Structure formats: C-alpha cells, structure tokens
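Encoded as structure tokens, the structure appears first; notes follow it.
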Number of protein chains: 2
Amino acid sequence: MTGQVRTVDGRVAGRRGQETRQKLLDCLREMLSTSPYRDVKVIDVARMAGTSPATFYQYFPDVEGAVLEIAEEMAKDSVELKELVDGKSWAGKSGTTTSEELVDGFLAFWRKNDAILRVVTLGAAEGDKRFFKIRMTVLNSVAKPLADAVKDLQAKGQADKAQDAAAVAGSLISLLASAAEHQKAFTSWGVKIKDLKPTLAPLVYLGVTGKKAPR
Amino acid sequence: MTGQVRTVDGRVAGRRGQETRQKLLDCLREMLSTSPYRDVKVIDVARMAGTSPATFYQYFPDVEGAVLEIAEEMAKDSVELKELVDGKSWAGKSGTTTSEELVDGFLAFWRKNDAILRVVTLGAAEGDKRFFKIRMTVLNSVAKPLADAVKDLQAKGQADKAQDAAAVAGSLISLLASAAEHQKAFTSWGVKIKDLKPTLAPLVYLGVTGKKAPR
DNA sequence: ACTTGTCCTGTCATGCCGTCAGCTTACCGC
DNA sequence: GCGGTAAGCTGACGGCATGACAGGACAAGT
C-alpha cells in the first residue's frame, strides 16, 4: 500500500532515513500543538529533532508539505469513525444511545487530533484542494454512513422524506465538527463541557429521525 | 469613543497618516482573501499599498496586530445580527420564518467577512485570547438573544425545560458558523447550496422549540 | 580494507523581518 | 514668507529563515 518513502531529490530512504523523517514529523506535530501555525519555522522543528534545517528539506518540500503528511496519516485513522454509525439502530431508546455514542466518539477523535485538524480546516477554508480532500475524508467517514441511515429510515417511513438525506447528514456532521473545534467557546457561554453531550445528542437524534428524543 | 489613532512610537496620526494606515488595512484585507494566511508578508502588503515595509511597522506591531484591527472593525458590524432574533416570534408559522431568516442572515454575514473570519477562527482555536474574544463578540450577538428566546419559551412551557438554554443556543450558533465556513464541503456531498437553508432552518426550529417544524 | 549507496551537515546566496537615523512634508504662529 | 515643530516616509542594516549543493560520515556487503 504505502509506496517507497522517497527524499525530495528522488533517493529511496533507508532505515535510518525513515527514522529521521519520522522524528521530524513527530516534532512538527508537537510544535503545531504548542505554537501558532504561522510561527512554526523549519529551523525550530529541525532543532527540536536534533538535526539541521537542510535535513528537513531533504524529506519535505516545505512546512506545508510535511503537515500534509501528518494530515494524511490522521485521515487514515478516521476510518474508525465509521463504526460509530454503521449497523447501529435508530429506533426508540437505542437511537438515543446511538446518537450519544456518535457525539462522544466524534468529539474524542477531534480532540485527539486537535492541532492538525485546525491546520487542515484552515487550509480547506482557504481553498487548498489537498487539505480540502483530507477534511472530506474525515467527515465523510461519518457523513456517508449517517446519510445511509437517514435514507434507510425514510424508506421505512420512520423519517421525514422531504429532507435531503445527504444535506441532513452534512449539517449534523458540521455541527459536531464545529462544536468539537470550539469547546472553549462554550465554557465562556457558561456551559459546562458535560452539558455539551446532552445538548448535541438530541439534536443529532432530531436531525436523523425528525422526532423528539424519548427520555 | 475611538481614542486618538497613534503610531507604534506614540505619535498621533494626522489626516495623511490615517489615510496611509487605512490603505494598508485595505490591502491587507485584500491579501487575506487571495492568499494563504501563512504566506501574507509585510513586504507584499506594503508594496500593494505603494509604500515601504518600514511604514507598515509605523502603524502596526506586526501582521497579526493589523489583522486584529480589521477583525475588531468586523466585530462592531456584527451587532446587526442581533436583529435577526430580537423581538421575533417562535410560535407556529412565524417561528419557521424566524428560523429561516436567522439562517439566511447569519450565512450572509459570514460569507461577507469570509477571509477575516477564517483567521479569527484559527487564532481563537489556537488559544489566542484576543481573537477568541472577537469571535465571542460575533457569536454572542446572536447566541445571547437566542438563549433569551429559549428561556422565554421555557418559562411559557412551550419548550423543553430540561435543556440548558445557553447550551442549546451555543450549539445552534456553532452549527450555523460551521455550515457557513464550509459551504464548499456541502457541494462535494452532492448538496446544493439551496438545500442548506431548508435543512438548517428546521434544525434551528427544533433546537429552540423542541418541536418538529410545521409545514 | 575497499566500495557503494545512504544519510547528514557546513556553507552560501537570497529574501524577508523589524529597527533606526535622518530626510521630506505639512502645519502653525508670527 | 519665515522659521519651528511635529508628522510622515524611506534607505539601509543586522539578523534570521529559506532552500540548494557538495562533500564528509556512516553502515553494509564483499
């Protein structure tokens, strides 16, 4: 699957080279979570990795290129998010559980990949196709099975057929993504983090089924 | 209200100085909407404004400082968003209209200030208090009156009292903000922009009233 | 030990950053 | 109109990040 790892000038990287490369990626990830994206410099990353800027440029064209690498790694991990929706039931009480677990799982994933997702989101918003595609991969991993679930319910007459399934799923995933991104904002509105799930989960349930959540 | 405009070294700016300053801000705003934030350089802004980098540094400590200025201007404009909720009715049919106008108005404001809001959002997510506060100002201009509306309905027994009003309002505003930020994403899900309002508006209505939207 | 290919770094040209001294311009009182 | 004063602008400079290259260090096989 993973093609040969190559340096910028075309050589194939050996064992030691891959280690160095990985160390650079790790340090970059670390830097991203501690300083503003705009201020992340190659020289800092190199220093932290105990190597020189020249080495960095051997493996990556620039900071953005390395960030893309990290982002793609994360996008691969995001397949695990499918499990939050696939094969789950939306009927009655179990629907409540499904929506709660979806909210929980999604927020956890976002929090885990906080820093890199911030940069991906920015890149996507700025119109960069590569970042946009990565963001899509992550969100689609939930949005697609969710849209399928809505279509299923519509077919069984258990959900509002007038709603576009993909639009519903997209809106709900956006809601989750945005809530995940700005958890700090909620506290300033006097909302405790623990209030977030009880609020989001019913919204998801409502969006999917078109019915008020049972209690 | 607005104190004297001052240069970095303390001089008060006169007519000509203010013009230059404003031209720099305009050019920066332009640059932000055409190139990635990370790549916006002082020298480019200065060149576009037909002046020198040194002049830029006379009015702003750095790029971020100037961006903050633009953002604060925008935050002032955001008071107009209050009107989208204040004094509106959520009962029956008129509730549907209210939610639709809220969605429309909010999306329009966000689209108008696209570029600067992107940077504000990034800064806030990275933990910068100044950007965070500005983002709060914008979102609060809708979230506060919306929370009041929910409390009102709760008091009248027309909404679910178990929900925290502020949390509901916060989640809904986050939903709108996120949808506004990533309109392009929706099209890749096969969702037409015009499908967005019919999807978001009922979600808002549902969130506020806890009832399924009438049609 | 020698060869081969990978890996790292010293060094250099280039370009942006951020500051300062000093020159020019506008305004004001006389 | 004349000089004084403060505002406005820029050339120039040290400093640092970028990105390219060539050559030295190193590991592995022979």
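Throughout, a chain's letter reflects where its sequence line sits, starting with A, and its residues are numbered from 1. Keep in mind the model is a prediction, meaning the values are calculated, not measured.
The stretch residues 30-49 of chain B touches DNA chain C through Lys41(B), Val42(B), Ile43(B), each having a heavy atom within less than 4.0 Å of the strand. For residues 57-69 of chain B, proximity to DNA chain C is found at Tyr57(B), defined as any non-hydrogen atom under 4.0 angstrom from a strand atom. Within residues 17-29 of chain B, the residues approaching DNA chain D are Gly17(B), Thr20(B), by heavy-atom distance under 4.0 Å.
Each side chain to side chain donor-acceptor pair (under 3.5 Å) pair with one or both residues in residues 103-115 of chain A, not counting sequence neighbours, appears once here: Asp104(A)-Lys197(A), Asp114(A)-Arg118(A). Under the ring-ring contact (aromatic ring centres under 6.0 Å, His included) criterion, the residue pairs touching residues 57-89 of chain B are Phe56(B)-Phe60(B), with sequence neighbours excluded.
Partners of Arg130(B) according to the side chain to side chain donor-acceptor pair (under 3.5 Å) rule, which considers only residues two or more places apart in sequence or in another chain, are Glu64(B), Asp128(B). In this structure Asp26(B) satisfies the side chain to side chain donor-acceptor pair (under 3.5 Å) test together with Gln22(B), sequence neighbours excluded. Here Arg16(B) pairs with nothing under the side chain to side chain donor-acceptor pair (under 3.5 Å) rule; sequence neighbours left out. Annotation: side chain to side chain donor-acceptor pair (under 3.5 Å) contacts of Ser35(B) (sequence neighbours excluded): none. Residues forming a side-chain contact (heavy atoms from CB on, under 4.5 Å) with Ser52(B) (at least two apart in sequence, or on another chain): Ala54(B), Thr55(B).
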task: Would you give a per-nucleotide map of nucleotides 24-29 of chain D, 5' to 3', where B means the base has a protein non-hydrogen atom under 4.0 Å away, S means only the sugar-phosphate does, and - means neither?
output: ------
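Contact annotation: Ser52(A) side-chain N/O to dG10(C) OP1/OP2 distance is not under 4.0 Å. For dT10(D), one of the phosphate oxygens OP1 or OP2 lies less than 4.0 angstrom from a side-chain nitrogen or oxygen of Thr55(B).
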Identify all side-chain donor-acceptor contacts of residues 42-50 of chain A below 3.5 Å with residues at least two apart in sequence or on another chain.
none

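The existence of a salt bridge linking Glu19(B) and Lys23(B) is excluded, since no basic side-chain nitrogen approaches an acidic carboxylate oxygen closer than 4.0 Å.
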